[in-house]
Amino acid sequence: MDNKAHPLNSFNVNEKGYYGDFGGAYIPEMLYPNVEELRQNYLSVMQEEAFQKEFQQLLNEYVGRPTPLYFAKRLSEKHNTKIYLKREDLCHTGAHKVNNTIGQILMAKRLGKDRIIAETGAGQHGVATATVCALMGLECIVYMGEIDIKRQAPNVARMKMLGATVVPASSGSKTLKDATNEAIRDWINNPTNTHYIIGSVVGPHPYPDMVARFQSVISKEIKNQLQVKENREAPDYVVACVGGGSNAAGAYYHYLDNPKVGIIAVEAAGKGVNSGESAATSALGKMGIIHGSKTLLMQTHDGQITEPYSISAGLDYPGVGPMHAHLYASGRAQFIAITDEAAMQAGLELCKLEGIIPAIETSHALAVFETKKFKKDDVVVINLSGRGDKDLNTYIDYFNF
Amino acid sequence: MNRIQSHLNKDKKLLSIYFTAGYPNLGDTVPILQSLEANGVDMVEIGLPFSDPLADGPTIQASSTQALKNGMTTQKLFQQLQGIREKITIPLIIMGYFNPVLQYGVEDFCKKCHEIGVDGLILPDLPLAEYQEHYQEIFEKYGLVNVFLITPQTSNERIREIDSASNGFIYMVSSASVTGAKKGFGKDQINYFERISKMNLKNPQIVGFGISNAQSFATATKNANGAIIGSAFIKMLSTKGIEGIPEFVKDLR
Ligand SMILES: Cc1ncc(COP(=O)(O)O)c(C=O)c1O
């Protein structure tokens with residue numbers, strides 16, 4: 001976690017809560033006191049020594065950090081380049097999401113909140129939130145789209161075992177966007193004792209920045225680990241899948257201002273970018289407002305938010321975090337869209353070549369080699385954001401195992 | 001003085017109704033407006049439906065979804081309202097979320113409102129700071145009133161700030177909640193109504209959220225200058241339709 005003020009002209013947030021033209025806090029007045037309280041306090045709380053100490057200790061001893069940076073020999077041979085996998089799948093609870101929930105639960109306690117709400121798509125963020133609530137003894141309510149409850153059943157069971165209440169979101173497309181709407185409505189209805197743990201670098205300022213800072217431990221570790229393995233801190237490329245963009249923000253964070261590092265963001269093309277069933281926001285979106293943030297957004301001509309589609313619940317979101325909108329608009333990052341089919345094949349390839357079953361979200365990042373060729377001596381770091389246990393049913397149905 | 005201000009100067013408590021444009025049927029907008037005025041309603045908020053209405057409860061969510069299915073769009077609403085000032089005289093406000101306005105173009109949207117005779121806008125997710133920095137000039141150029149919300153959690157300092165940025169009325173959200181009809185008001189709400197009334201704000205205050213009948217209307221307007229009824233009206237429309245309006249309004253005061 002980096003607590004220094006951001007340098008000017010960086011790809012980080014400015015003092016008004018914007019990344020270039022994107023970001024801000026487009027929230028109804030009912031949310032203003034909560035969001036403002038967070039905005040005024042998040043940096044100073046994160047800078048407290050006691051906070052740092054507790055956060056680091058939990059990351060090390062509870063989450064199991066640092067996570068390995070693993071040189072994937074057989075995958076590298078296959079794709080004729082040097083591939084390192086940042087093993088966020090080995091975090092407690094099985095994905096990077098827990099880095100953020102540990103940070104936010106400590107924040108919530110500092111702000112005196114005793115009730116936690118969250119939204120979840122794949123269920124990873126819901127599980128990570130339920131986990132830290134169990135750890136701290138706080139009430140936990142998780143909103144989840146009805147469709148996602150069906151396709152991520154093991155994670156629903158996990159949340160319940162951890163003591164959380166899972167509330168189905170049955171409005172709209174019944175997926176992540178709608179779960180987020182319901183969580184926001186809950187926050188409006190519970191304005192004093194509740195903290196909303198948002199699961200990605202989305203939502204009103206200061207959430208995108210706060211979540212990015214909590215996730216930035218990923219690239220901080222990559223720097224140290226690459227130094228040992230390759231005698232250099234910076235790879236040639238860092239690759240991550242983008243739903244809202246939190247694992248990507250964490251993996252890019254310490255490289256954003258180093259133009260020698262190529263940043264590659266992989267979005268879900270679903271059945272194809274132009275199939276009408278896609279979640280490739282950068283290709284299909286226009287500037288708009290979703291969940292309190294001005295960002296790239298999939299929408300109709302009339303400004304109604306459209307329903308996205310991806311085989312992966314964690315990428316099935318019609319927006320991206322404002323940081324990513326800015327990385328796209330400024331050309332700093334290259335955006336690639338990967339179909340369901342290509343992602344599923346790349347996921348299976350990782351199983352066969354490296355003995356790792358990835359989350360389907362992550363499989364999209366692994367499919368980068370479909371569309372982009374790297375040089376033999378390029379160092380390519382792929383953020384392995386999560387493991388595939390939660391997706392076994394989808395894999396089984398897809399490949400008929 | 002704008003039309004909203006002149007209507008609020010009357011002695012009696014102002015009754016305002018919210019409905020979602022395009023609900024129950026696409027073509028109901030103008031007939032509903034005419035019936036509301038004919039039955040003595042003082043002001044109307046016309047809801048521009050949005051796919052993701054964050055601040056709304058189930059009733060307005062459902063009416064918005066249905067209105068969009070019926071084919072309501074920003075352009076369609078403006079078409080329907082063309083010539084409305086030949087038919088009715090009460091103040092009209094468009095209430096909606098900011099994204100559809102942003103996509104239409106804020107300046108084009110304001111210009112169109114001005115041409116039609118819409119008096120103001122309520123855009124709950126367009127915050128004060130953004131409005132002042134980017135849009136206030138445009139609103140003023142077209143003589144549009146922008147209405148801000150306050151809630152029981154809003155600090156006095158911020159209420160003063162909102163008061164000085166307002167030029168029509170302040171929308172007092174009755175309690176910490178999304179929209180939706182509730183059963184009357186408790187002690188907390190009444191304390192809040194009294195606290196605001198003692199602040200002697202320069203703008204009149206109109207209470208909304210959770211007002212559903214004569215009793216809650218009376219409680220809400222004991223101190224405030226008027227009240228807005230939304231979800232309860234929409235529920236009535238979904239069972240009785242436009243024919244239910246006279247009785248609904250008569251029962252309110
Ligand atoms: C394993 C994994 N990767 C990626 C994501 C996408 O989220 P983000 O883009 O915020 O990293 C999710 C979301 O649920 C996830 O579970």
Side-chain angles (χ1 to χ4, degrees), chain A residues 16-18 21 23-37 39 169-173 177-194 203-205 285-295 297-307 318-319, chain B residues 48-58 61-62 64-65 67-68 71-77 96-105 109 122-131 133-134 147-155 158-159 162 170-173 175-180 209:
Chain A
K16 286 191 171 156
Y18 279 82
D21 294 331
Y26 292 83
I27 46 168
E29 191 63 29
M30 292 79 107
L31 289 178
Y32 181 84
N34 273 322
V35 173
E36 181 63 9
E37 177 185 36
R39 190 188 69 79
S170 51
S171 56
S173 54
K177 154 179 96 76
D178 312 284
T180 308
N181 290 341
E182 290 305 331
I184 291 175
R185 289 182 188 121
D186 179 307
W187 212 17
I188 289 174
N189 290 335
N190 294 280
T192 51
N193 68 335
T194 298
H205 178 64
K286 271 189 312 170
M287 186 190 267
I289 288 164
I290 182 169
H291 300 141
S293 181
K294 191 185 261 182
T295 188
L297 172 61
M298 290 168 54
Q299 54 185 313
T300 65
H301 174 73
D302 208 36
Q304 309 296 339
I305 300 176
T306 47
E307 299 183 1
Chain B
L48 179 62
F50 183 48
S51 55
D52 292 75
L54 288 180
D56 286 301
Q61 283 175 45
S64 303
T65 305
L68 292 171
M72 184 46 75
T73 64
T74 309
Q75 219 162 5
K76 184 92 208 162
L77 177 61
Y97 290 81
F98 188 43
N99 196 51
V101 178
L102 192 63
Q103 302 311 320
Y104 194 90
F109 194 97
I122 307 177
L123 304 168
D125 60 344
L126 174 61
L128 179 62
E130 294 291 338
Y131 169 73
E133 193 168 326
H134 300 291
V147 177
F148 296 101
L149 276 50
I150 62 170
T151 82
Q153 275 69 40
T154 312
S155 70
R158 189 164 167 85
I159 292 175
I162 285 170
I170 292 176
Y171 192 132
M172 268 177 77
V173 176
S175 63
S177 78
V178 295
T179 57
F209 288 36

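In what follows, chains are A, B, ... by sequence order, proteins preceding strands, each numbered from 1.
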In terms of heavy-atom proximity below 4.5 Å to chain B, should [X] be classed as side chain, backbone, both, or neither?
X: A/Y32; result: side chain
X: A/T306; result: neither
X: A/I27; result: backbone
X: A/E36; result: neither

#### Entry: Between A/I305, A/L297, A/I184, A/I290, the one whose heavy-atom pairs under 4.5 Å with chain B are most numerous
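Heavy-atom pairs under 4.5 Å are most numerous for A/I305.
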### Message
Please identify, among A/R185, A/E182, A/E307, A/E29, the residue contributing the most non-hydrogen atom pairs under 4.5 Å to chain B.
### Response
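Option with the greatest count: A/R185.
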[X] portion near chain A, given a 4.5 angstrom heavy-atom threshold:
X: B/P53; result: both
X: B/I150; result: backbone
X: B/L102; result: side chain
X: B/I162; result: side chain
X: B/T65; result: neither
X: B/Y104; result: neither

### Task
Count the heavy atoms of every other residue, nucleotide or ligand shown that sit under 6.0 Å from NZ of A/K16, and state whether that count exceeds 12.
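No, the 6.0 Å shell around NZ holds no more than 12 heavy atoms from other groups.
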### Message
Can you tell me if A/E37 has over 12 outside heavy atoms packed within less than 6.0 Å of its CD?
### Response
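Atom CD in A/E37 is packed in, count exceeds 12.
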### Task
Search all heavy atoms of A/S173 against all heavy atoms of A/K177 and return the closest pair with its distance.
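Scanning both residues, the minimum pair turns out to be OG-CE, 3.8 Å.
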### Message
Would A/Q299 and A/Q304 count as a side-chain hydrogen bond (donor to acceptor under 3.5 Å, both in side chains) here? Give the steps.
### Response
CA-CA 5 Å; A/Q299 54 185 313; A/Q304 309 296 339; over 6 Å; no
### Task
Inspect the contact between A/K294 and B/E130 and indicate whether a charged nitrogen and a carboxylate oxygen are less than 4.0 angstrom apart.
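Answer for the salt bridge query: no.
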### Task
Please name all residues satisfying salt bridge (Lys or Arg N to Asp or Glu O under 4.0 Å) with B/D56, sequence neighbours left out, ordered by chain then number.
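Salt bridge (Lys or Arg N to Asp or Glu O under 4.0 Å) list for B/D56, sorted by chain: empty.
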#### Entry: Side chains of B/D52 and A/H291, donor plus acceptor under 3.5 Å
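The criterion, which ignores hydrogens and geometry beyond distance, is not satisfied for A/H291 and B/D52.
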### Query
Which of parallel (below 30°), tilted (30 to 60°) and perpendicular (above 60°) describes B/F209 and B/Y171?
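Because their plane-to-plane angle is over 60°, the rings of B/F209 and B/Y171 count as perpendicular.
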